[in-house]
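Each chain gets a letter, A, B and so on, in the order the sequences are listed, and its residues count up from 1.
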2 protein chains.
Amino acid sequence: MSQHRHPGAPGRAGAVPALPDLPEATVARLPEYLRALHQLAEAGHETISSEGLATAAGVNSAKLRKDLSHLGSYGTRGVGYDVALLVDQIEFVLGLTQRRGVALVGIGNLGHALAGYAGFASRGFRVAALFDADPARVGEEINGLIVRHVDELPRAAVEESIAIGVIATPAAAAQRVADQLVAAGVTSILNFAPCVLSVPEGVDVRKVDLAIELQILSFHEHRKASLTALPATGGAGFTALPGGLAAPGTQEAVGT
Amino acid sequence: MSQHRHPGAPGRAGAVPALPDLPEATVARLPEYLRALHQLAEAGHETISSEGLATAAGVNSAKLRKDLSHLGSYGTRGVGYDVALLVDQIEFVLGLTQRRGVALVGIGNLGHALAGYAGFASRGFRVAALFDADPARVGEEINGLIVRHVDELPRAAVEESIAIGVIATPAAAAQRVADQLVAAGVTSILNFAPCVLSVPEGVDVRKVDLAIELQILSFHEHRKASLTALPATGGAGFTALPGGLAAPGTQEAVGT
DNA sequence: AGGCGCTTGTGAAGACGTGCACAAATCGCG
DNA sequence: CGCGATTTGTGCACGTCTTCACAAGCGCCT
């Protein structure tokens with residue numbers, strides 16, 4: 001399956017550890033494992049079992065083991081995983097050993113918040129440039145960065161070696177911005193605008209739509225309501241009431 | 001995922017469009033179809049083919065037809081789907097016929113932006129209350145709403161009949177807020193804090209982690225880089241360069 | 001050294017999601 | 001009225017993801 005690194009020196013110095021191509025589902029979970037590992041490391045754990053890490057990451061332990069097995073064998077039977085080692089390994093696989101530069105386009109309501117979001121900096125990214133098409137916003141300083149006009153994007157992208165672009169514009173402007181990003185050499189885009197982007201092959205797009213998340217929750221609310229309405233003999237079956245605090249059950253993740 | 005799987009699906013009372021239990025993957029796409037439909041309606045279309053709608057929503061037409069077939073048969077062969085009818089149908093299934101109240105907890109950087117995000121109001125939701133634990137922020141007015149102290153959550157939740165809570169606090173506070181939301185009767189939570197929440201059965205949680213999205217993109221960047229480094233005989237590697245604008249290819253969605 | 005308990009890594013089976021390809025249904029037109 | 005063009009709805013095969021269950025490996029204790 002995977003070409004195990006030689007057990008002797010885990011230092012991956014030598015041969016380029018050609019990335020195994022991981023299942024997408026696994027890739028999507030690795031960041032969650034990484035977050036959990038950092039948290040565990042801070043709590044003083046030097047090793048952690050798959051069970052413990054799975055709990056911290058909110059997944060099933062078998063799934064976690066299979067995910068990690070795709071990266072190679074970095075656990076010790078009878079003991080667990082070395083936290084520090086695993087952190088390094090996952091960060092390497094995710095390409096976080098270099099701090100990637102991110103360009104943020106659209107400094108409106110949301111863009112403002114993203115520009116100031118500390119979570120990016122603390123998790124491997126550097127917000128390197130801010131852009132907006134509105135001259136009224138150009139020149140504003142946020143977090144030590146000056147908002148530049150979007151036409152300067154190509155130049156700035158090269159100067160700052162930007163590989164990832166974040167689109168936080170209104171939907172109407174998003175496709176144009178995407179084209180500009182691609183033209184400037186950006187090959188990964190995170191799109192917050194509620195619209196479909198068309199990009200050339202080789203460019204990756206991920207979309208985050210806040211309203212969609214709420215709508216999915218709304219569906220489940222609707223279903224829950226219609227379920228408690230029918231089988232429960234009482235009419236307006238309102239079950240939820242205070243009383244006790246969250247008897248911590250297992251996380252009930254909705255969808256993926 | 002949802003463990004509510006009644007095998008025999010007790011014959012649901014006939015004619016009423018009682019909710020069929022849709023596959024989660026379908027539920028996650030319905031909002032996207034809805035957005036595309038609104039866009040098409042605005043453009044004047046009265047009917048739309050599966051092919052057209054699929055393109056507008058960025059999916060494959062067979063998948064779209066199968067998704068819609070789960071809601072019942074609302075298309076006409078040889079013609080397509082009636083846009084207005086389909087909008088109504090999807091809005092009903094998603095439970096958007098009633099405008100759901102949303103409580104937003106954590107009025108920091110991100111919370112501020114969410115409180116002012118027009119997309120919520122325009123897509124079926126009403127941000128009904130804002131909360132924060134920091135007394136310094138209590139009293140601030142955003143978009144016509146006053147920030148209240150989080151301790152008032154139970155009372156406000158009932159008054160405003162809140163069913164959905166949005167957590168935009170730091171990770172350290174998120175679990176406590178989730179407990180408070182649950183205690184106040186909230187049964188759906190959208191969590192922006194980078195941590196795992198533990199909630200009782202019957203409460204649905206969806207998570208949005210902005211840094212994770214970037215990390216997934218980073219992985220693909222890393223992989224693309226390591227691929228063009230190895231096999232490319234001669235500089236076949238770097239395709240992307242200015243000159244031409246994005247030859248619009250198909251959307252290359254990464255993961256889900 | 002040997003045995004015992006614990007934990008990883010993985011084969012196999014099942015659930016789920018996707019996409020093709022085509023029969024069935026509908027409309028418009030001659 | 002019949003025919004052809006069009007488009008839906010779906011059976012089927014395939015690939016991906018999840019989960020179980022267990023052998024193999026490791027450390028510790030006696």
Side-chain angles (χ1 to χ4, degrees), chain A residues 1-5 7 10 20-30 32-33 40 45-83 85-86 89 250-256, chain B residues 1-7 20-30 32-33 40 45-83 85-86 89 250-256:
Chain A
M1 209 152 201
S2 51
Q3 56 285 47
H4 291 219
R5 324 289 192 275
D21 52 347
L22 310 174
E24 265 305 310
T26 296
V27 173
R29 283 187 294 264
L30 286 181
E32 194 67 51
Y33 302 155
L40 288 164
H45 292 71
E46 296 203 344
T47 66
I48 184 70
S49 70
S50 65
E51 191 63 41
L53 180 53
T55 301
V59 302
N60 165 317
S61 69
K63 182 154 45 176
L64 179 135
R65 285 200 298 277
K66 185 147 291 186
D67 282 342
L68 294 187
S69 77
H70 287 126
L71 317 182
S73 191
Y74 286 96
T76 308
R77 298 176 190 223
V79 177
Y81 298 90
D82 181 296
V83 173
L85 178 61
L86 202 47
Q89 192 53 220
T250 26
Q251 169 122 358
E252 176 166 334
V254 179
T256 303
Chain B
M1 312 319 164
S2 339
Q3 56 274 58
H4 331 275
R5 189 111 303 173
H6 296 292
D21 52 346
L22 310 174
E24 266 303 312
T26 296
V27 173
R29 281 186 295 264
L30 286 181
E32 194 68 50
Y33 302 156
L40 288 165
H45 292 71
E46 296 202 345
T47 67
I48 183 71
S49 69
S50 65
E51 191 63 40
L53 181 52
T55 302
V59 303
N60 164 317
S61 71
K63 184 156 40 178
L64 179 137
R65 286 199 299 277
K66 187 153 291 187
D67 282 342
L68 294 187
S69 76
H70 287 128
L71 317 182
S73 191
Y74 288 94
T76 308
R77 296 176 190 226
V79 178
Y81 297 91
D82 181 296
V83 173
L85 178 61
L86 201 47
Q89 192 51 221
T250 27
Q251 169 121 356
E252 175 167 330
V254 178
T256 302

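Nearest nucleotide to the side chain of B:Ala62, out of D:dT18, C:dA21, C:dT18: C:dA21. Checking D:dC20, D:dT7, C:dG9 against every side-chain atom of A:Arg77, the shortest atom distance belongs to C:dG9. Side-chain atoms of B:Val79 lie closest to C:dC27 of the nucleotides C:dC27, C:dG17, D:dG9. Nearest nucleotide to the side chain of A:Ala25, out of D:dC20, C:dG9, D:dT18: D:dT18.
DNA chain D is contacted by both A:Gly78 and B:Leu68; B:Leu68 maps to the nucleotide lying nearer its 5′ end (nearest heavy atom per residue).
For the pair A:Leu71 CG and C:dG9 P, the computed distance is 10 Å after rounding to whole Å. Distance CZ (B:Arg65) to C1' (C:dC22): 11 Å, rounded to an integer number of Å. Between the CG atom of A:Asn60 and the C1' atom of D:dC20 there is a distance of 9 Å, given to the nearest Å. Straight-line distance from the OH atom of A:Tyr74 to the P atom of C:dT10: 13 Å, rounded to whole Å. One can place NE2 of A:His70 at 16 Å from P of C:dT8, the figure rounded to the nearest angstrom. Atom P of nucleotide C:dC16 and atom CG of B:Asp21 are separated by 11 Å, given to the nearest angstrom. Nucleotide D:dT18 holds its P atom 14 Å from the CD atom of B:Glu24, rounded to whole Å. Summarising the geometry, the separation between CD on A:Glu51 and P on C:dG5 is reported as 20 Å, rounded to the nearest angstrom.
Annotation for A:Ala57 and A:Glu32: closest pair O-CG, 3.6 Å, computed over non-hydrogen atoms. The two residues A:Ser61 and A:Ala54 make their nearest non-hydrogen contact at CA-CB, 3.5 Å. Shown here for A:Ile48 and A:His45, the closest heavy-atom pair between the two residues is CD1-CD2, 4.3 Å. When all heavy atoms of B:Leu53 and B:Tyr33 are compared, the closest pair comes out as CD1-O, 4.2 Å. Between A:Asp67 and A:Thr26, the shortest heavy-atom contact is OD1-OG1, 2.7 Å.
For D:dC26, neither phosphate oxygen OP1 nor OP2 lies less than 4.0 angstrom from any side-chain nitrogen or oxygen of A:Tyr81. Dashed line: the shortest gap from a side-chain N or O of B:Thr76 to OP1 or OP2 of D:dT8 is not under 4.0 Å. Put simply, B:Ser49 has no side-chain N or O that comes within less than 4.0 Å of OP1 or OP2 on D:dT7. One finds a side-chain N or O of B:Ser50 lying less than 4.0 angstrom from the OP1 or OP2 phosphate oxygen of D:dT8. Within the structure, a side-chain polar atom (N or O) of A:Arg29 is placed less than 4.0 Å from OP1 or OP2 of D:dT18.
Heavy atoms of B:Thr26 sit nowhere under 4.0 angstrom from any nucleic acid atom.
One donor-acceptor pair, N or O on each side, does fall under 3.5 Å between the base of C:dG19 and the side chain of B:Lys66.
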